[in-house]
Amino acid sequence: MIIIDGSEGEGGGQVVRNACALSLITGQPFRIINARGKRSKPGLMRQHVTAVEAACALGNATCEGLAVGASEIAFTPGKVVPGEYRFAVGTAGSTGLVLQTLLMPLVLADAPSRLVLEGGTHNMLAPPFEFIAKTFLPIINRMGPTVEARLIRHGFYPRGGGRIEVDITPAPLAPIECVDRGALRERSVTALFAALPFEIADREIAAARKALDWPEESFAVRELPEEQGPGNIVLIEAAFDHVTEVVSGFGQLGVPAERVAKMAAGRMAGYLASNAFAGPYLQDQLLLPFALAGGGAFTTVKPSQHSLTARDVIERFIGRHGVFRDQPDGTHRVEWR
């Protein structure tokens, strides 16, 4: 049994998600101690428990010690059974992070699957739906499988109530090279809001316009049905020939709208100033599929602690070593050996 100390490295919930996915794929059981040991509230949260429960359901697995607040669990995998599954995270727990746990096992299964996930679709500290659909999944589809995701209803923190549907047609993961993002084709900034004053989104757009100096037609405000709120997010997109980067900023109580937009615009400006294919969040998401493909490479910005921790967990299961190699242009080339 593989033993993982969840307080090492970045010390968050990604260790649990990746370990479950890898266990189902490789057939190796694992035990995690000190789960989420570096978080302000250590132990498993509701969304982590749902992710593990979902992994147990589709992988005929068992998990000892699983409960909200648990710091130690032992996971024994079974055989993954593709099919139609529905999981509700509860409140605004991230549907995207539950998908992260289930996607690779189902992508490598022997028949198609469909997932219906309910909970949060636009959460702080998790990829929003637009990032999953426009940034991450197109790369997975280039590797062989076909994965289509649909946003049925937005779900913001703390209310949740969102819903996404994902159709998965499996195929072996083929190694690909993602080192050149190509020419910039489109760019946009959209402020989404629900059950909040229009002024908030308007101020966000004004701040983003000032920070980015993009064409006027790049900026838009979109009001969602009131029952999908309260909630607010700024989405900044830059579509290149070979990749689309999506950067987000979430409205929060006590944080000025201008600051939300300015911080998101600053992150996009940093990505645009580099030559990297993958930004910091896509970097993190691509590690597992590229490791499972057994080859290929992508370029990215400076590796985050989140990514380095993910690499360490992946290495424990697959026996390959993930390398971040400095490039002359300041990017990093990521390969598995």
Side-chain angles (χ1 to χ4, degrees), residues 1-37 48 51-52 55-56 58-64 72-80 82 97 99-110 136 139-140 142-145 170-179 277-278 282-300 303-326 332-337:
M1 178 173 282
I2 295 172
I3 308 298
I4 301 170
D5 187 339
S7 67
E8 293 181 353
E10 182 262 346
Q14 181 207 50
V15 171
V16 177
R17 294 188 295 274
N18 277 342
C20 285
L22 285 157
S23 180
L24 292 180
I25 292 166
T26 66
Q28 299 177 84
F30 70 87
R31 181 183 297 275
I32 290 181
I33 59 174
N34 302 318
R36 299 184 68 250
H48 307 111
V52 178
C56 288
L58 65 86
N60 289 294
T62 59
C63 188
E64 299 175 14
E72 181 173 341
I73 60 171
F75 186 94
T76 302
K79 179 177 172 54
V80 173
L97 295 182
L99 176 62
Q100 185 185 61
T101 310
L102 308 180
L103 183 60
M104 287 302 109
L106 291 177
V107 152
L108 297 173
D110 56 9
F136 176 57
I139 309 302
I140 299 302
R142 283 175 55 190
M143 300 177 79
L173 290 165
I176 61 173
E177 294 274 324
C178 294
V179 297
F277 180 92
L282 182 58
Q283 166 196 120
D284 174 80
Q285 299 280 319
L286 291 183
L287 287 173
L288 181 54
F290 272 68
L292 295 171
F298 63 92
T299 59
T300 187
S304 65
Q305 186 63 51
H306 207 248
S307 290
L308 294 175
T309 303
R311 178 195 64 181
D312 293 345
V313 172
I314 294 168
E315 288 178 346
R316 301 283 297 277
F317 284 87
I318 68 169
R320 297 191 189 98
H321 181 55
V323 179
F324 288 79
R325 188 183 304 281
D326 293 350
H332 296 257
R333 182 181 173 93
V334 183
E335 298 175 312
W336 287 90
R337 300 183 173 181

Margin query: Quick check: closest heavy atoms across Gly37 and Ser7, and the distance to 0.1 Å?
Written below: CA-CB, 3.9 Å
Next item on the list: Please report the C-alpha distance between Leu292 and Trp336 in whole Å, then the side-chain angles of each, then the deciding distance to 0.1 Å, and finally whether the side chain to side chain contact (heavy atoms under 4.5 Å, CB included) criterion is met.
Entry: CA-CA 9 Å; Leu292 295 171; Trp336 287 90; over 6 Å; no
Notebook entry, point to check: Hey, are the side chains of Arg311 and Val313 touching, using non-hydrogen atoms and a 4.5 Å cut-off?
Noted result: no
Note to self: side chain to side chain contact (heavy atoms under 4.5 Å, CB included), that's the test. Do Phe298 and Ile176 meet it? Break it down for me.
What the structure shows: CA-CA 8 Å; Phe298 63 92; Ile176 61 173; over 6 Å; no
Note to self: Between Val15 and Thr309, does the side chain to side chain contact (heavy atoms under 4.5 Å, CB included) criterion hold? Intermediate values first, please.
What the structure shows: CA-CA 8 Å; Val15 171; Thr309 303; 3.8 Å; yes
Check: Can you tell if the side chain of Leu22 reaches within under 4.5 Å of the side chain of Cys20, non-hydrogen atoms only?
Finding: no
Margin query: Within the 4.5 Å heavy-atom criterion, are Cys178 and Thr299 side-chain neighbours or not?
Written below: no
Note to self: Given 3.5 Å as the limit, does a donor-acceptor pair link the side chain of Gln283 with the main chain of Ser304, or not?
What the structure shows: yes
Next item on the list: I would like to know whether Arg316 and Ile4 meet side chain to side chain contact (heavy atoms under 4.5 Å, CB included); could you show each step before the answer?
Entry: CA-CA 9 Å; Arg316 301 283 297 277; Ile4 301 170; 4.3 Å; yes
Next item on the list: For residues Phe136 and Leu282, determine if any side-chain heavy atom of one lies less than 4.5 Å from a side-chain heavy atom of the other.
Entry: yes
Notebook entry, point to check: Can you find a heavy atom in the side chain of Asp284 that is under 4.5 Å from one in the side chain of Gln14?
Noted result: yes
Check: CG/Leu286 to CZ/Phe277 distance, rounded to the nearest 0.5 angstrom?
Finding: 7.0 Å
Check: What is the distance from atom OG of Ser307 to atom CD of Gln285, rounded to the nearest 0.5 Å?
Finding: 9.0 Å
Notebook entry, point to check: If we only count heavy atoms from C-beta on, is the Leu58 to Leu24 side-chain gap below 4.5 Å?
Noted result: yes
Next item on the list: Please work out which of the three classes, parallel, tilted or perpendicular, describes the rings of Phe317 and Phe30, given edges at 30° and 60°.
Entry: perpendicular
Next item on the list: Step through the shown structure and confirm whether more than 12 heavy atoms of other residues, nucleotides or ligands are within 6.0 Å of CD on Glu64.
Entry: no
Next item on the list: Walk me through it: do Gln100 and Asn18 pass the test side-chain hydrogen bond (donor to acceptor under 3.5 Å, both in side chains)?
Entry: CA-CA 8 Å; Gln100 185 185 61; Asn18 277 342; 5.2 Å; no
Notebook entry, point to check: Do you know the tightest heavy-atom contact between Ala55 and Ala61?
Noted result: O-CB, 4.4 Å
Margin query: Please check this pair: side chain of Ser23 against backbone of Ala19, looking for a donor-acceptor N/O pair closer than 3.5 Å.
Written below: no
Next item on the list: Answer yes when Arg320 and Glu315 have at least one side-chain N-carboxylate O distance shorter than 4.0 Å, and no when they do not.
Entry: no
Check: What are the two closest heavy atoms between Pro170 and Leu106, and how far apart are they?
Finding: CB-O, 3.6 Å
Item checked: Distance, nearest 0.5 Å, that separates CG of Leu97 from NE2 of His48 -> 7.0 Å
Margin query: Nearest 0.5 Å, please: how far is CZ in Arg31 from CE in Met1?
Written below: 5.5 Å
Item checked: pair Phe290-Pro175: side-chain heavy atoms closer than 4.5 Å -> no
Note to self: Using 0.5 Å steps for rounding, measure from the CD1 atom of Ile25 to the CE atom of Met104.
What the structure shows: 7.5 Å
Notebook entry, point to check: So, Glu8 and Asn34: side-chain donor and acceptor under 3.5 Å apart, yes or no?
Noted result: no
Item checked: For the student: nearest non-hydrogen atoms of Ala51 and Thr101, plus distance -> CB-OG1, 3.5 Å
Checklist line | Separation between CD of Gln28 and OG1 of Thr76, rounded to the nearest 0.5 Å | finding: 12.0 Å
Notebook entry, point to check: Do Val16 and Phe75 have side-chain heavy atoms sitting under 4.5 Å apart?
Noted result: no
Note to self: Show the nearest heavy-atom pair for residues Cys63 and Cys56, with the distance to one decimal.
What the structure shows: CB-SG, 3.9 Å
Check: How close do Val107 and Pro145 get, heavy atom to heavy atom, and via which atoms?
Finding: CG1-CG, 3.3 Å
Next item on the list: Evaluate salt bridge (charged side-chain N to carboxylate O under 4.0 Å, His left out) for Glu177 paired with Arg142, printing each intermediate quantity in order.
Entry: CA-CA 10 Å; Glu177 294 274 324; Arg142 283 175 55 190; over 6 Å; no
